[in-house]
Amino acid sequence: SGTTRPVRILKYVQRCANSGDVLSVISAIDAYCSKVEWAMNVGDEKGAILDAVVLETRPRYVLELGTYCGYSTLRIAHLLAPGARLITLEMNPHYAQVAIEMFRHAGLDAQVELLVGSSSALIPQLRKKLDIEKFDLVFIDHWKVSYLPDTKLLEECGLLKAGSVLLADNVTCPGAPDYLQYVRNSPRYQSQYFPARLEYLQVEDGVEKSVFLG
Ligand SMILES: Oc1cc(-c2ccc(F)cc2)cc2cncnc12
Ligand SMILES: [Mg+2]
């Protein structure tokens, strides 16, 4: 039976990162996943692009699709102003549990709202459930086949406003070709590609920043 990769990452963080210190949690995850075993965190290079987009957007309402161990959730939470709300959706209950423990170790569990379930089921419930009108920033980092349908669902549910920013991980590796085609050709988006490498590897990847024009 043994442990799972997310549990091994969490145990390393609990052992090696100072509790309450979100930056030491972030670097502990990067240290473990670059030295011991690869994991699908956005990583430090693409994470710096995410940081820059959060800082320039100064979002009040943030949605993350795909929590995993909570690495990118912590990077975002660390840069939000007091009063901002960060909602993260995770369909795998085990990943969700690990992420909650990760948030606790970082001392940010009160700053993050994690919902367990499929994004397609949860997105239509967000307005009613969480009393949220629109998202200023959406970080898309879940299954690549869900990027496009979930983006259309966000539009249909009225959860985007003119100026809302979508930032999508892995648009090159593993790739989200239908999503890229949509945001790059739709008159409703202004899209920009940021080349980078896949987390912890020399493989090419990149993130796509798309501003919804309303
Ligand atoms: O950042 C990511 C990377 C990969 C991935 C897996 C295998 C491989 F060979 C290359 C890349 C998969 C992901 C799934 N969800 C969210 N993020 C992901
Ligand atoms: Mg990713």
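Both backbone and side-chain heavy atoms feed into the values below; hydrogens, waters and symmetry mates do not. Throughout, numbering of the chain's residues begins at 1 and tracks the sequence. Ligands are counted one by one from 1 in listed order, and the atoms in each one are counted from 1 as well.
- Note on Glu208 versus Arg184: salt bridge recorded, some NZ/NE/NH1/NH2 to OD/OE distance being below 4.0 Å.
- Tally of protein N, O or S atoms closer to the Mg ion (ligand 2) than 2.8 Å: 3.
- A donor-acceptor contact shorter than 3.5 Å is absent between the side chain of Thr172 and the backbone of Gly175.
- Cation-pi geometry between Arg5 and Tyr68 is not satisfied (NZ or CZ under 6.0 Å from the ring centre, within 45° of the ring normal).
- Residues satisfying the side-chain hydrogen bond (donor to acceptor under 3.5 Å, both in side chains) test with Tyr12, not counting sequence neighbours, are none.
- Residue Leu122 is not grouped with residue Leu86 when hydrophobic side chains (ILVMFWY) are merged at heavy-atom distances under 4.5 angstrom, including chains of intermediate members.
- Residue pairs satisfying the ring-ring contact (aromatic ring centres under 6.0 Å, His included) criterion with at least one member in residues 124-165, sequence neighbours excluded, are listed as follows: His142-Tyr147, Tyr147-Tyr179.
- Using a cutoff of 4.0 Å between basic side-chain nitrogens and carboxylate oxygens, Arg58 and Asp136 are not scored as salt-bridged.
- Taking a heavy-atom cut-off of under 4.0 Å, ligand 1 is surrounded by Trp38, Met40, Asp141, His142, Trp143, Lys144, Asp169, Asn170, Cys173, Pro174, Leu198, Glu199.
- Cation-pi contact between Lys209 and Tyr189: absent, since separation from the ring centre below 6.0 Å together with deviation from the ring axis within 45° is not met.
- Ile123 approaches Cys157 most closely through the heavy-atom pair CG2-SG, 4.2 Å.
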